[in-house]
S.K.: 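Below is the structure I would like to discuss, written out as structure tokens.
Reminder, nothing fancy here: chain letters follow the sequence lines and each chain counts from 1. Note that the structure is a prediction, hence the values are computed from the model and not measured.
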Number of protein chains: 2
Amino acid sequence: MEFRFANRGDRVATIDDVAKRAGVSKGTVSSVFSKKRPISRQVTERVLEVAKDLGYFPNHVARSLAIKKTMIAGLKMPISKDNTMSGFEIQLINGVIRECSKQGYRVLLDPLPEHDDPTQFSIDPVDGVIMLNPRRQDPRIVRYNQMGIPLVLIGRPDPEDPTVSFVDNDNTNLTLQVGAHLLENGHKSVLFLNAAADMTVASDRQLGLMQAFANSGQPADRVHVMNFSRKINSSATEYGYTALMNMYGQSAFTAVIADTDRVALGVLRAARELGVDVPGELSIIALSNDAILAQEVTPKLTSVELSAERLGAEAAQILIRKMNDMNIVQQSIIETKLIIRESCRRLS
Amino acid sequence: MEFRFANRGDRVATIDDVAKRAGVSKGTVSSVFSKKRPISRQVTERVLEVAKDLGYFPNHVARSLAIKKTMIAGLKMPISKDNTMSGFEIQLINGVIRECSKQGYRVLLDPLPEHDDPTQFSIDPVDGVIMLNPRRQDPRIVRYNQMGIPLVLIGRPDPEDPTVSFVDNDNTNLTLQVGAHLLENGHKSVLFLNAAADMTVASDRQLGLMQAFANSGQPADRVHVMNFSRKINSSATEYGYTALMNMYGQSAFTAVIADTDRVALGVLRAARELGVDVPGELSIIALSNDAILAQEVTPKLTSVELSAERLGAEAAQILIRKMNDMNIVQQSIIETKLIIRESCRRLS
DNA sequence: CTGAAAGCGCTTACAG
DNA sequence: CTGAAAGCGCTTACAG
């Protein structure tokens, strides 16, 4: 009688209900679903039929507790209030999801802010986690270690630590090359619209660019660096727009390096309004996160491909390996590539 | 002795370890962390200290099993092989995440394909689910019902069902208005680059557009409809590009309705290559999913704002309500708005 | 304010 | 091929 209501939502059927109704043990029902041990044809059919009748589906949580595995990978990613996931983040997530689902893992997004109260420390039901934008001396790294949860960073740990796994671009080398390219093309002064100052990528990239100028004997003050600010700038495009509006004519740069394609879009708009021809009078190079976008604007953007998707996929692969063997440590650098299109031209 | 190794990853500390070491019961430790019943200051401190020593963190899975709640909302979203999450999907996810995390819920992405084998039906450890792009007669709807899991659709159920909750744009009305706008501006023939044919939005939108033409007494063959095809088209932009390349000159349309901004980008590029002036010779209206992008291209796109983020947020709100009271049913329509910019002009 | 014990819904040696 | 029972790590009436 009780069963009659099981699929009306009053009470969800459990393995016990199925076992009793089918006249077998719970272990047998379990085996029918998990296929971990062979069950006779007849019993299998009876169990499946009863299960269907009762609307029974195995409880994932109970199963996870028993086998001590959730088959879920956590993606720790702060969500900005201003709603904008960057193209970079999106591609990255895409890479993570693709790789995880290939291996049967689901992905849990946890954007919840970190809490200091230890009794509030958010523990996710995951077998491992991928963490974006680790902070300096990030306390979470040791915490995950204590919890026995495999961890892979996207972005390098600061300070360096040979025991933590991560994937990253070679950000210093990236801007070193961009800088070299600009210098080779006669640009001796550049405006760098960099990422937010508290990100490790921002300092790495600034370093590389300065290096390039130093290498070619240029004075350091030829590089004008600005940083995105969540407080001041309402969006990436607005950042690019405002920056060029304020700086053009103030400093004598002939090229702009934009942190993302969207920043570059803002720069382009400002240039249009100022009547500045790109790339005739001003060159632009974007540190790209959106390959399609870069090719569809006019002029097409010369940009650096960061391969966000590969970063995500690689992080997921390492994590999956690590979930099978906690002792694995792997640190990967994903190549970047400068793609010449139309927005950057030799200074004549 | 055993404890000495607890934070070395050999074995993770449990509530039992803490209870024994602190000389209290498990119930007490539980209460210290959950704060569900008052525990004396001294005991609380001792427990917390021992917990810290042992590197103890409550096990989320065990807790979920006991309280029969995971505080996780599932987002059922097929991931396309070609890696492209559309701007629409991204904003939608953003809305879902924002609203869920406000209420302390995490979000589980489940892009795993549906399996027919009942023993393989993927059950997620979630308290409720938001499902994108429900199919016709979607069997999952009754399945979630059987499992006693609250469900909210994004997109309308087909056939209509007053017992299922969903949020959607009014897609028919949307294209009705776009059509009316074009007709008012003298466009008597239009190329509609619609979404994939198997999506309910595609049929709804086609309906609305035909309606608009019918209302103004135009023959139906003035509307040329194409559908995106995952097999043929490699990307949204490529779809727009190829479509215009193939159709321009073949049929006598003076306006294009593009399914997304990215499709519109492709159309713009094709127009450029064909030497067709937009909006001088050809008007374009995008069913927008990326407000920023629409404003940054040249000419700025006249587009329909779909408010993907609001769709996501609204779905999440309904789901959260529903998780507290299974009996709640709510069906919401999110307004769309035609935003006039530069890419569509009156035919002279 | 605290403890002992049953219960959440599974899995898995062990035994046959 | 199948069953009985212990165990996964929590929570929560119930009793004091």
Side-chain angles (χ1 to χ4, degrees), chain A residues 2 6 11-47 50-51 54-71 119 121-127 147-149, chain B residues 2 6 11-48 50-51 54-71 119 121 123-127 147-149:
Chain A
E2 171 182 13
R11 184 170 151 292
V12 170
T14 70
I15 199 171
D16 257 306
D17 302 328
V18 177
K20 269 180 207 136
R21 203 25 126 105
V24 299
S25 73
K26 298 195 293 179
T28 300
V29 177
S30 174
S31 303
V32 165
F33 279 87
S34 71
K35 291 171 179 148
K36 286 208 181 161
R37 53 183 200 178
I39 301 291
S40 72
R41 214 178 185 328
Q42 310 109 64
V43 175
T44 299
E45 276 170 14
R46 182 148 36 94
V47 167
V50 171
L54 262 37
Y56 167 74
F57 298 96
N59 180 312
H60 184 281
V61 174
R63 173 158 211 278
S64 297
L65 181 59
I67 66 177
K68 295 182 155 199
K69 246 166 162 288
T70 61
M71 294 303 283
T119 150
F121 184 66
S122 85
I123 13 72
D124 292 334
V126 297
D127 295 336
M147 294 193 281
I149 294 183
Chain B
E2 171 180 13
R11 183 169 151 292
V12 170
T14 72
I15 200 171
D16 257 307
D17 301 329
V18 177
K20 269 179 207 136
R21 219 335 161 114
V24 298
S25 74
K26 299 194 293 180
T28 300
V29 177
S30 175
S31 302
V32 165
F33 280 86
S34 72
K35 291 172 181 149
K36 287 208 181 160
R37 52 183 199 178
I39 301 292
S40 72
R41 216 180 184 328
Q42 309 109 67
V43 174
T44 300
E45 276 169 13
R46 182 145 38 94
V47 167
L48 250 26
V50 171
L54 261 37
Y56 167 74
F57 297 95
N59 180 313
H60 185 281
V61 174
R63 174 158 210 277
S64 298
L65 180 60
I67 66 177
K68 297 183 155 198
K69 243 166 164 294
T70 61
M71 294 303 283
T119 152
F121 183 65
I123 13 73
D124 292 335
V126 297
D127 294 337
M147 293 194 281
I149 294 183

S.K.: At the 4.0 Å heavy-atom cut-off to chain B, mark where contacts on DNA chain C begin and end, going 5' to 3'.
M.R.: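 The footprint of chain B covers dC1(C) to dG9(C).
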S.K.: When the P atoms of dG9(C) and dA13(C) are compared, how many Å lie between them, rounded to an integer?
M.R.: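 Between the two P atoms, the distance is 23 Å.
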S.K.: Any heavy-atom pair between the side chains of D16(B) and K26(B) that's under 4.5 Å?
M.R.: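 Yes; the side chains approach each other to less than 4.5 Å.
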S.K.: Under the side-chain hydrogen bond (donor to acceptor under 3.5 Å, both in side chains) test, which residues partner S25(B), sequence neighbours left out?
M.R.: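 Testing S25(B) for side-chain hydrogen bond (donor to acceptor under 3.5 Å, both in side chains), a comparison that skips the adjacent residues, returns T28(B).
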S.K.: Under the side-chain hydrogen bond (donor to acceptor under 3.5 Å, both in side chains) rule, collect the residues that match up with S30(A), sequence neighbours excluded.
M.R.: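 Here no residue qualifies.
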S.K.: Taking the nucleotide of DNA chain C with the nearest heavy atom to each, does I67(A) or A62(B) sit closer to the 5' end?
M.R.: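 First, find each residue's nearest nucleotide; the 5'-ward one identifies A62(B).
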S.K.: Does P58(B) reach the side chain of R63(B), with side-chain heavy atoms less than 4.5 Å apart?
M.R.: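 Counting from C-beta outward, P58(B) and R63(B) never come under 4.5 Å.
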S.K.: By side-chain contact (heavy atoms from CB on, under 4.5 Å), which residues pair with A22(B), not counting sequence neighbours?
M.R.: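 Testing A22(B) for side-chain contact (heavy atoms from CB on, under 4.5 Å), a comparison that skips the adjacent residues, returns V24(B), R46(B), V47(B), V50(B).
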S.K.: Counting the benzene-type ring for Trp, do Y56(A) and F33(A) have ring centres under 6.0 Å apart?
M.R.: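 For Y56(A) and F33(A), the ring centres are under 6.0 Å apart.
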S.K.: Under the side-chain hydrogen bond (donor to acceptor under 3.5 Å, both in side chains) rule, collect the residues that match up with D127(B), sequence neighbours excluded.
M.R.: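 D127(B) satisfies side-chain hydrogen bond (donor to acceptor under 3.5 Å, both in side chains) with T70(B) only.
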S.K.: Judged by each residue's nearest nucleotide on DNA chain C, which is more toward the 5′ side, T14(A) or R37(A)?
M.R.: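 Per heavy-atom nearest nucleotide, the more 5' residue is T14(A).
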S.K.: Could you check if a side-chain atom of L54(A) sits within less than 4.5 angstrom of a side-chain atom of R21(A), using non-hydrogen atoms only?
M.R.: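 L54(A) reaches R21(A) side chain to side chain.
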S.K.: Which part of the nucleic acid does K36(B) contact within heavy-atom distance under 4.0 Å: base, sugar-phosphate only, or nothing?
M.R.: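 Here K36(B) touches the backbone only, sparing every base.
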S.K.: Describe the nucleic acid contact of L65(A) in one word from base, sugar-phosphate, nothing, applying a heavy-atom distance below 4.0 Å.
M.R.: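 Contact class for L65(A): base.
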S.K.: Tell me, what's DNA chain C's dot-bracket, Watson-Crick or G-U with both distances under 3.5 Å, | for other-strand, [ ] crossing?
M.R.: |||.||||||||.|||
S.K.: With a non-hydrogen cut-off below 4.0 angstrom, is V61(A) in contact with a base, only sugar-phosphate, or nothing?
M.R.: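 No contact.
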